[in-house]
Amino acid sequence: MHRETVMTSADLIWPLFVTDGTGVEEPVASLPGVSRWSVDGIAARAKEAVDLGIPCVALFPNTQHDKRSEDGAEAFNPDNLMCRAIRAVRDACGSDIGILTDVALDPYTSHGQDGLLDDHGYVVNDDTVAVLVDQAVNQAEAGADIIAPSDMMDGRVRAIRMALEMGGHHNVQIMAYSAKYASTFYGPFRDAVGSGGLLKGDKKSYQMDPANGDEAMREIALDIAEGADSVMVKPGLSYLDVIWRAKEAFHVPVFAYQVSGEYALIEAGAAAGVADREALLMEKLLAFKRAGCSGVLTYHAPLAARILNG
Ligand code: PBG
């Protein structure tokens, strides 16, 4: 009766990795228990999500290497892996599932950066925004419900919102990765989408310094003013203070991304006998809700849903 925070399977978003082919399941070595699935398998996972009461899946493509280029043009091919996965999920689940799609160029570029590079290898903001707009509209046309720009370029939320309106996609939401830190915890994700080996340097010229909290508030304020429907803090657990401050200051839906490295640490801790895996997981997920989150993106979503559903 005195419990202040309740979590249910409706608070979960399940990130899924898409790969080419049919009937393919490729385990991701650095994320034990997580696989890349071909489009048919993604549709099956989405059905599983519906059955478990998980309201939304987030899709990430492991683009074939010969389709990656300097300019990431595959991102706006209407028949790319992402668009095929969106359509397959919609065919399998209708409107029973929300489809969230990631906007950033890293799964499509030959250099693994989220944007376009100048001659010195610096990621250029405004030219990148123009390409992200095309990528977002492409995903909306394929049927995405929520566009989630994870690139951290300035001004992209407004540009994407305007393009969605012009294209008639009035009901497509934007969940902005507003406070995304240049984190060491993304390593296994980069293996999963195949960008890790390609990436030269780091992403510190556009992702945030882990030392900064006030800057996160400025980033969030900008994205809300530009038209974001909800905002995200990423990674999750090391940034609970940022989640709390965001909720207190802006009163908008705030989401946390429990990122790949966080997932891997739970698995490694459990395997090393630190504590029970399910107990470790559920305590961490509850902390996000206590800090003010409306929901959490987690690779543990199906396990957490099973536990929450009893
Ligand atoms: C791409 C993107 C990243 C993640 C989500 N979208 C990686 C990065 O910025 O390098 C990380 C997710 C995870 O680690 O689970 N821009």
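Atoms within each ligand, like the ligands themselves, are counted from 1 in listed order.
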*asked:* Side chain, backbone, both or neither: which applies to D114 and ligand 1 if a contact is any heavy-atom pair less than 4.0 Å apart?
replied: side chain
*For a side-chain hydrogen bond (donor to acceptor under 3.5 Å, both in side chains) with R156, tell me which candidate from D126, T128, D223 qualifies.*
D223
*Decide side-chain contact (heavy atoms from CB on, under 4.5 Å) for R84 and L81; before the verdict, give the C-alpha distance in whole Å, the side-chain angles of both, and the deciding distance to 0.1 Å.*
CA-CA 5 Å; R84 281 184 277 137; L81 207 44; 3.7 Å; yes
_Closer than 4.0 Å to some heavy atom of S150 - which atoms of ligand 1 meet that?_
1 (C), 2 (C), 6 (N), 16 (N)
*Between K203 and D151, is the closest basic N to carboxylate O distance under 4.0 Å?*
no
*For K203, counting its heavy atoms only, list the atoms of ligand 1 lying under 4.0 Å from any of them.*
8 (C), 9 (O), 10 (O)
*May I ask whether E262 has any heavy atom positioned less than 4.0 angstrom from an atom of ligand 1?*
no
*Indicate, as side chain, backbone, both or neither, the part of Y299 found under 4.0 angstrom from ligand 1 when only non-hydrogen atoms are considered.*
side chain
*asked:* Quick check on M152 - does any of its heavy atoms sit under 4.0 Å from an atom of ligand 1?
replied: no
*Ligand-side contact atoms (ligand 1) for residue partner A104, heavy atom cut-off under 4.0 Å*: 16 (N)
*Out of F185, F189, Y206, indicate the one that has the non-hydrogen atom closest to atom 12 (C) of ligand 1.*
F189
*Answer yes or no for Y263: is there a heavy-atom contact with ligand 1 below 4.0 Å?*
no
*asked:* So R36 and E25, do their side chains get closer than 4.5 Å, heavy atoms only?
replied: no
*Would you say the side chain of K67 lies within less than 4.5 Å of the side chain of N80, judging by non-hydrogen atoms?*
no
_Using a 4.0 Å cutoff against the non-hydrogen atoms of R190, which atoms of ligand 1 qualify?_
8 (C), 10 (O)
*Where do D145 and R90 land on the side-chain contact (heavy atoms from CB on, under 4.5 Å) test, with the steps shown first?*
CA-CA 10 Å; D145 298 300; R90 188 63 72 213; 2.7 Å; yes
*For the student: nearest non-hydrogen atoms of P27 and S35, plus distance*: CA-OG, 3.6 Å
*Verify side-chain contact (heavy atoms from CB on, under 4.5 Å) between F250 and M217, making sure each step is shown before the conclusion.*
CA-CA 9 Å; F250 301 108; M217 297 307 111; 4.0 Å; yes
_Heavy atom of the protein closest to atom 4 (C) of ligand 1 (residue, atom name, distance)_ = K234 NZ, 2.6 Å
*Mode of V193 contact toward ligand 1 - side chain, backbone, both, neither (heavy atoms, under 4.0 Å)*: neither
*Residue-ligand contact Q258/ligand 1, heavy atom below 4.0 Å*: no
*State the atoms of ligand 1, each with its element, that fall below the 4.0 Å cut-off from a heavy-atom position in Y257.*
12 (C), 15 (O)
*Could you list the atoms of ligand 1 found under 4.0 angstrom from a heavy atom of D106?*
1 (C), 2 (C), 16 (N)
*Decide yes or no on side chain to side chain donor-acceptor pair (under 3.5 Å) for S30 and D191, but give the supporting numbers first.*
CA-CA 7 Å; S30 50; D191 291 343; 2.8 Å; yes
*Can the ring centroids of F17 and Y299 be said to lie less than 6.0 angstrom from one another?*
yes
*Answer side chain, backbone, both or neither: which part of S260 comes under 4.0 Å from ligand 1, heavy atoms only.*
both
*Salt bridge or not for E48 and R45, using N-O below 4.0 Å?*
yes
_Shortest protein contact, atom 9 (O) of ligand 1 (heavy atom only)_ = K180 NZ, 2.7 Å
